[in-house]
Amino acid sequence: MKKLTSPKTEAELLSRCQKLAGMTWATLASTYNQTLPTSLIQAKGFMGQLMEQVLGATANNLPEPDFQHLGIELKTLPLNANGEPRESTYVCTAPISFNAEIEAWTNSRVRKKLARVLWVPFEADPKIPLNERRIGSALLWSPDPATESILRQDWEELTLMLHLGQTANLSAKLGTYLQIRPKAAHSRIVNPGINEQGEDMFQNPRGFYLRSLFTQKILEAHYCKA
DNA sequence: TACTGATCATTC
DNA sequence: GAATGATCAGTA
């Protein structure tokens, strides 16, 4: 493994990204002495973790931005054959600790993570073998005021439901840009929570995800695609 | 295609 | 166990 230092400035981070654009996964992996998995089934986070290493992210799995001193979050973005995001994007775990005070949007993990994001799109068409898939050109992004306002509305609505014990009514359909879905190693993991009557119960941990519609809009706005 | 719930690896 | 990195796979 090469000695990888963390970039000191945004410009340095972006210039690293530009060198990666167009590279295949195979090239990228071998350059950094990593072995490409034969399948993503048992390596679902492979690309995200490889990019963290290559770009010198420092936060590991702490609930903080990947580039702590720059305040930048790294997100890989799998694209289908049409260049559209193939999946929703995981943001962070959702607080279901009903005893805790409802945190303000300004202090929420969602906002902190999405305040400044380095999107790294890459080919993820299932028809392309893993070693032939290429890295796209990265995009450093922040939400504009209108976007942040929608994200905030989504977040406040969903967070309120979590705190009211309305998990039974929580659907991935809710939210314009954000959605709530299970997020756990497996479905037998449960956390304490409350139901609508305020009674104790157990429920699966949830996480916030960004709809692919949302990430697609970001790509369109930046690359001016039709 | 989108929604949904389920699952895999790693680190601390 | 809970946070990170995510994608899989069934079904409507």
Side-chain angles (χ1 to χ4, degrees), chain A residues 1 4 25 28-29 32 34-68 72-97 99-100 103 108-110 112-114 117-130 133 135 138 154 158 161-162 167-193 202-217:
Chain A
M1 188 72 193
L4 295 170
W25 293 18
L28 187 65
Y32 294 92
Q34 300 288 302
T35 306
L36 206 59
T38 51
S39 153
L40 291 182
I41 293 178
Q42 288 175 298
K44 293 183 179 177
F46 177 79
M47 273 307 291
Q49 286 162 350
L50 178 57
M51 290 306 299
E52 285 182 346
Q53 288 185 15
V54 168
L55 295 176
T58 53
N60 291 323
N61 50 357
L62 302 175
E64 295 180 26
D66 295 303
F67 301 95
Q68 293 158 307
I72 294 176
E73 171 72 13
L74 171 67
K75 289 262 166 247
T76 52
L77 200 52
L79 304 181
N80 64 19
N82 296 323
E84 298 159 346
R86 198 179 126 186
E87 286 277 353
S88 51
T89 301
Y90 168 67
V91 181
C92 62
T93 48
I96 58 172
S97 52
N99 285 327
E103 57 182 351
S108 70
R109 277 178 290 188
V110 172
K112 283 177 184 167
K113 287 235 162 195
L114 297 183
V117 180
L118 182 69
W119 301 100
V120 182
F122 60 86
E123 288 179 330
D125 180 352
K127 293 195 269 306
I128 305 177
L130 296 190
R133 297 183 185 182
I135 313 294
D154 286 347
L158 296 169
M161 288 187 69
L162 289 171
T167 45
N169 299 329
L170 263 180
S171 152
K173 290 179 184 173
L174 292 173
T176 308
Y177 292 155
L178 286 172
Q179 63 176 183
I180 293 256
R181 300 225 307 280
K183 167 63 176 172
H186 52 80
S187 59
R188 294 169 62 191
I189 291 181
V190 290
N191 283 332
F202 288 93
Q203 56 195 223
N204 298 124
R206 311 298 170 108
F208 285 107
Y209 293 78
L210 288 171
R211 298 179 183 283
S212 46
L213 166 74
F214 180 74
T215 45
Q216 185 179 348
K217 283 171 80 102

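Note on naming: letters A, B, ... go to the chains in the order of the sequence lines (proteins, then strands), and numbering restarts at 1 for each one.
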To the nearest angstrom, how far is A:Trp25 atom CH2 from C:dA6 atom P?
11 Å
Do you know which two heavy atoms are closest between A:Arg211 and A:Leu174, and how far apart they sit?
NH2-O, 3.0 Å
Within the pair A:Ser187 and B:dT7, is there a side-chain N or O less than 4.0 Å away from OP1 or OP2?
yes
Could you check whether any side-chain heavy atom of A:Val190 comes within less than 4.5 Å of a side-chain heavy atom of A:Asn204, counting everything from C-beta outward?
yes
Is A:Ser171 touching bases, backbone alone, or none of the nucleic acid, heavy atoms closer than 4.0 Å?
sugar-phosphate
Atom CD of A:Glu64 to atom C1' of C:dG5: distance rounded to whole Å?
16 Å
Any base atoms under 4.0 Å from A:Ala172, or only sugar-phosphate, or nothing? Heavy atoms, all strands.
sugar-phosphate
Nearest to the A:Arg181 side chain among C:dA3, B:dG5, C:dG5, which nucleotide is it?
B:dG5
Atom CD1 of A:Ile41 and atom P of C:dC8: how far apart are they, to the nearest Å?
7 Å
Considering only heavy atoms and no angle criterion, is a donor-acceptor pair shorter than 3.5 Å present between the side chain of A:Lys44 and the base of B:dT7?
yes
Mapping A:Asn80 and A:Leu62 to their closest nucleotides on DNA chain B, which lands nearer the 5' end?
A:Asn80
At 4.0 Å (heavy atoms only), tell me whether A:Gln42 reaches a base, stays on the sugar-phosphate, or touches nothing.
sugar-phosphate
Check every strand shown and say whether A:Ala124 touches a base, only sugar-phosphate, or nothing at a heavy-atom separation below 4.0 Å.
nothing
Is there a side-chain polar atom (N or O) of A:Lys183 under 4.0 Å from OP1 or OP2 of C:dA2?
no
Between C:dT7, C:dG5, C:dC8, which nucleotide has the shortest distance from any of its atoms to the side chain of A:Glu73?
C:dG5
From the list B:dA6, C:dA6, C:dA9, which nucleotide is the closest neighbour of the side chain of A:Asn204?
B:dA6
If the cut-off is 4.0 Å, is A:Ser88 near the phosphate of B:dA2, judged by side-chain N/O to OP1 or OP2?
no
Report the residue (A:Leu174 or A:His186) whose heavy-atom-nearest nucleotide on DNA chain B is the more 5′ of the two.
A:Leu174
Looking only at heavy atoms, the pair that brings A:Lys113 and A:Glu64 closest together is NZ-O, 4.1 Å
Establish, with yes or no, whether the OP1 or OP2 oxygen of C:dG5 is under 4.0 angstrom from a side-chain nitrogen or oxygen of A:Tyr90.
no
Atom CD1 of A:Ile180 to atom P of B:dA6: distance rounded to whole Å?
16 Å
Give one of base, sugar-phosphate or nothing for A:Gly48, where a contact means two heavy atoms less than 4.0 Å apart.
sugar-phosphate
Look at the side chain of A:Leu40 and decide which nucleotide, out of C:dC8, C:dG5, B:dT7, has an atom nearest to it.
C:dC8
Nearest-angstrom distance from the residue atom CG of A:Asp66 to C1' of C:dA3:
13 Å
Check whether any side-chain N or O of A:Arg188 sits under 4.0 Å from OP1 or OP2 of B:dA6, and answer yes or no.
no
Rounding to an integer number of Å, can you tell me how far A:Phe46 CZ sits from C:dT7 P?
13 Å
Categorize A:Pro182 for me: base, sugar-phosphate, or nothing, with a 4.0 angstrom heavy-atom threshold over every strand shown.
base
For A:Glu87 and A:Ser212, which heavy atoms make the closest approach, and how far apart are they?
O-CB, 3.7 Å
Measure the acute angle between the ring planes of A:Phe122 and A:Trp25, then classify it against the limits of 30° and 60° as parallel, tilted or perpendicular.
perpendicular
Interatomic distance where OH belongs to A:Tyr209 and C1' belongs to C:dA3 [whole Å]:
13 Å
When you measure from the side-chain N and O atoms of A:Lys113 to the phosphate of C:dG5, is any distance below 4.0 Å, counting only OP1 and OP2?
yes
With a 4.0 Å cutoff (strictly under), does any side-chain N or O of A:Thr89 reach OP1 or OP2 of C:dA6?
no
So, does A:Asn191 get its side chain near the phosphate of C:dA2, meaning an N or O under 4.0 Å from OP1 or OP2?
yes
Between C:dA6, C:dC8, B:dG5, which nucleotide gets closest to the side-chain atoms of A:Arg86?
C:dC8
Atom pair distance, as rounded to whole Å: CG in A:Leu210 and C1' in B:dA2
16 Å
Can you confirm whether the side chains of A:Arg181 and A:Ser88 place a donor and an acceptor under 3.5 Å from each other?
yes
Option from A:Leu36, A:Leu28, A:Ile128 for which side-chain contact (heavy atoms from CB on, under 4.5 Å) with A:Arg133 holds
A:Ile128
